[in-house]
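Below is one structure, written out as structure tokens, with a few remarks after it.
These figures come from a predicted structure and were not determined experimentally. In what follows, chains are A, B, ... by sequence order, proteins preceding strands, each numbered from 1.
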Amino acid sequence: MNLSEIQNTLRAKVIETAAQVFNVEMEQIAAEVPPKTELGDLAFPVAFELAKQIKQQTGEKQNPRNIAEQLKAALETFDFVEKIEIAGPGYLNVFYKRARFVAANLNSNPLPKLADSNDESKPKICVEHTSVNPNKAAHIGHVRNSVLGDTFVRILQANGNRVEVQNYIDNTGVQVADVVVGFIYLEKKSLEDIKQLNADLQEKGVSFDYYCWDLYAKVGQEYQVNEELKAKRAEVLHLIEEGGNETAILADYVATRNVECILNTMERFGIRYDLLPRESEILHLKFWAKAFDLMKQLGVIHFETTGKNANCWVMPFDDHAGNDDHEANKILVRSNGTVTYTGKDIAYQLWKLGLLGMDFNYKLFSTYFDGKEVWTSTTEESDHASVPKFGSGETVYNVIDTRQSYPQEVVKKGVSLISPDKGERASVHLSYEMVALSPAAAEELNFQLSDEDKTRTFIEMSGRKGLGVKADDLLNRLEKNALAEVTKRNTELSPAVQKDIAHKIAVGALRYFLLKFTRNTVIVFDFKEALAFEGETGAYCQNATVRINSIFKKAEPNALENAFKIVSEKQIEAAEILNSETEIWSLISLASRLEETISSAVSATEPAILAKYVFGLAKAFNLFYHNHKILIEENEVKKAVLLVTAEITRRSLTAGLNTMGIEIPERM
RNA sequence: GCUCCCGUAGCUCAGUUGGAUAGAGCGUUCGCCUCCUAAGCGAAAGGUCACAAGUUCAAAUCUUGUCGGGAGCACCA
């Protein structure tokens, strides 16, 4: 029986007893971990709540401590419980049979549900993340999106869910149009010229998306002074949307090259996708037309003939009160007959949920080095015999920054009007705050600050201004710094191995840095903090794990096996150690809470919960490590208990870090 | 004008659907490598949880108001 099962059993017993003895029905009850191990392993503050309920029902005033006494008797019959103490005004503190618990969990898997995530019969969850406009390199703000999304995918899988990862490609939007304007009108390049440029850049070792980054910023600047160029934007955008012309073909080449670059960047971070749905297919396969018909049939939108929105199709949206400046209703089709972004997004969301009644065609986009495939949408017939089944998610998570809360709300509302069955529950906006730059960081990037910017506590990154910390640049810098340390500490390792270790440390540092903040905290990016390997960092967590691994490398080959045997057979002695040295038991107890932590990260849609847990566990292990010398311990049972503790911690740390997409280096 | 988010140690942030003495990292000061890797460990200092009222046996947490900061409210995407 693992920790979750024990806790659930205890909860059920409390609820059962409350019903039997006090005639009070409780749906769920709070359980908490006492502030100190001395106070027990699990606490129920349930007696206070019961006292209140009893008073409400019978008018009889009962002392919480007396209530606790009666619950205590019922819980003590459970064979994993050593004793129950009533503390303070009426806390019910549970102490487990520690040695028995350890013996029962010698071979337990910290994430028992992970294997279920491959079960094809389970309902699917779709997660959309990354979705960087394919017109420039990804910056640290995009990486926050991707790391959050990817980590949440891993968390869902650890929780036993089947997950599909989508990265939406807005290949026909204004941002792509802007770079295309730059290529065609500023640089006077044809498609052939751009292909040649791509080859030249590759030779020079410059990434195509870096080139576009600068070009995009140049176009943005030029727009300010060149009205003629700005007029080209609408023209180009129209041609791209329409498709089947030279400009559209050129734009497709540019966008696709950028997607390839961005996928390469994300692969460095360990982030992958199943499907890249593209906006061009949403347009050309007429997803919108189908959604439009659906909405008209169901009467969830209407055509306005008078007033400000005359000749527009609008969706009523009464959650927001309208006023003179702003409409309460959301326009989906403009008076000129074109569709708004929100309209297209509703169609796309319907597809994700399997409610649209039509599908993309698919082609293979690329194959990762280990054989994993990533697919994309196409208007042509799917040319592969066995295309995986995409979309039709039971629930859809959209990882999009918090500034898009309003349109996301409209999409959710629209979908629930069309399918009240699935309702608003099926669409989840996994929102997060932006990554901004500290004025110091902006200056470090040689960016000219305006006087207004200087007064601000942070400065928003802007692709249009070319202001941002590029993802690859930052990772390169982290790898360089990590390599310097690795080389210093591990002179005997080969350069290739050193480099691999440095890479893992760099990725761990950046992923942890982005995950330790809760979603609704603005990250004010600071180089010193982001480049740190000490304190609350990924490297700290990796280091603790490497230490455990190194203990087992130095131990005799069958040390762990023997330890398991000793702990199982000599439970009385083991219990003495676990009862007297609370710090050992605290570590075991903490390490046993990974599954529970994953589950709360899912219900709160908050990966930071996992990050904080893993760090806390690494810290607890480091304390244990300094206080106990495992390999030279002379007492046989004590040594076995220490080894088992290290092993249980290792499993949870490794699984927890992997769930965050952080690998464990062989050495540090 | 309306909606949402935030205000916790010098700085950056946690604080588990209201619970026991409000925590962590950084920074500061002082200790610890004869011992499984010091990217580490220990100790000290540091708090009117923005402010006010209310609900409760119990409030950093819930309600209302005030002040301060951020974002959003397009026939843009």
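B:C26 adopts an anti glycosidic conformation, its chi angle falling more than 90° from 0.
Straight-line distance from the CD1 atom of A:I459 to the P atom of B:G69: 18 Å, rounded to whole Å. The distance from atom CD of A:Q404 to atom C1' of B:U3 is 17 Å, rounded to the nearest whole Å. Counting to the nearest Å, the P atom of B:U37 and the NE2 atom of A:H626 are 11 Å from each other. If you take OH of A:Y406 and P of B:A77, they are 14 Å apart, rounded to a whole angstrom. Nucleotide B:C36 holds its C1' atom 5 Å from the CG atom of A:L631, rounded to whole Å. Atoms CG (A:D345) and C1' (B:A77) sit 10 Å apart, rounded to a whole Å. One interatomic measurement links the two molecules: CZ of A:R489 to C1' of B:A38, which rounds to 8 Å at whole-angstrom precision. Straight-line distance from the CD atom of A:E583 to the C1' atom of B:C41: 12 Å, rounded to whole Å.
Using a 4.0 Å heavy-atom distance criterion, A:V176 is classed as making no nucleic acid contact. If you check every strand for non-hydrogen atoms under 4.0 Å, A:D526 touches nothing. Within 4.0 Å (heavy atoms only), A:V333 reaches no atom of the nucleic acid at all.
Comparing the same atom, C1', in B:G65 and in B:A24 gives a spacing of 33 Å after rounding to whole Å. Rounded to a whole angstrom, the distance from the C1' atom of B:A38 to that of B:C57 is 49 Å. When the P atom is compared between B:A50 and B:C13, the two are found 15 Å apart, to the nearest whole Å. B:U21 and B:C67 have their C1' atoms separated by 31 Å, given to the nearest Å. Between the C1' atoms of B:U56 and B:G18, the separation comes to 9 Å (whole Å). For the C1' atom pair drawn from B:C49 and B:G7, the interatomic distance equals 10 Å after rounding to whole Å. Taking atom P on both nucleotides, B:A52 is separated from B:U48 by 12 Å, rounded to a whole Å. For the C1' atoms, the distance linking B:U55 with B:G15 amounts to 22 Å, nearest Å.
Remark: A:E485 engages A:K488 in a salt bridge, criterion side-chain N to carboxylate O under 4.0 Å. A salt bridge links A:K504 to A:E666: at least one charged side-chain nitrogen sits closer than 4.0 Å to a carboxylate oxygen. Comment: A:D178 engages A:R464 in a salt bridge, judged by a side-chain N to carboxylate O separation of less than 4.0 angstrom. Checked for salt-bridge contact, A:R650 and A:E647 meet the test: a charged N lies under 4.0 Å from a carboxylate O. Remark: A:R65 does not engage A:E85 in a salt bridge, criterion side-chain N to carboxylate O under 4.0 Å. Between A:K465 and A:E460 there is no salt bridge, since no side-chain N of the basic residue sits under 4.0 Å from a carboxylate O of the acidic one. By the 4.0 Å N-to-carboxylate-O rule, A:K638 lies close enough to A:E581 to be salt-bridged with it. A salt bridge is defined here as a Lys NZ or Arg NE, NH1 or NH2 lying under 4.0 Å from an Asp or Glu carboxylate O, and A:K528 with A:D526 fails to meet this definition.
With B:A39, B:U37, B:A71 as the candidates, the nucleotide lying closest to the side chain of A:R547 is B:U37. With B:U12, B:A39, B:C75 as the choices, the nucleotide that has an atom nearest any side-chain atom of A:E529 turns out to be B:U12.
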Report all interatomic pairs (protein N or O, nucleotide N or O of nucleotides 31-35 of chain B) with separations under 3.5 Å.
none

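A:Y625 has a side-chain polar atom (N or O) that falls below the 4.0 Å cut-off from OP1 or OP2 of B:A38. An OP1 or OP2 oxygen of B:U37 is reached within less than 4.0 angstrom by a side-chain nitrogen or oxygen of A:K554. For A:Y540 and B:C41, the shortest distance from a side-chain N or O to OP1 or OP2 is below 4.0 Å.
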Determine, stepwise, if the pair A:L510 / A:I140 fulfils side-chain contact (heavy atoms from CB on, under 4.5 Å).
-> CA-CA 10 Å; A:L510 192 48; A:I140 184 73; 3.9 Å; yes
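No hydrogens or angles were tested; on distance alone, a donor-acceptor pair under 3.5 Å links the side chain of A:S335 to the base of B:C75.
Here the closest heavy-atom approach between residue A:L653 and residue A:A618 is recorded as CD2-N, 4.0 Å. Closest heavy-atom contact between A:I169 and A:P134: CG2-CG, 3.8 Å.
In this structure the side chain of A:F621 reaches within 4.5 angstrom of the side chain of A:L587, judged on heavy atoms. Counting heavy atoms from C-beta on, the side chains of A:I400 and A:S431 never come closer than 4.5 Å. Annotation: side chain of A:F513 is in contact with side chain of A:I523 (closest heavy-atom distance under 4.5 Å).
Residue whose closest nucleotide on RNA chain B sits further toward the 5' end, between A:N133 and A:E534: A:E534.
Counting only Watson-Crick and G-U wobble pairs whose two key distances fall under 3.5 Å, RNA chain B forms stems of three or more stacked pairs at B:1-7 with B:67-73, B:10-13 with B:23-26, B:28-32 with B:40-44, B:50-54 with B:62-66.
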Quick one: what's the B/S/- string for nucleotides 14-24 of chain B, heavy-atom cutoff under 4.0 Å, read 5' to 3'?
-> SS-B-BBB--S
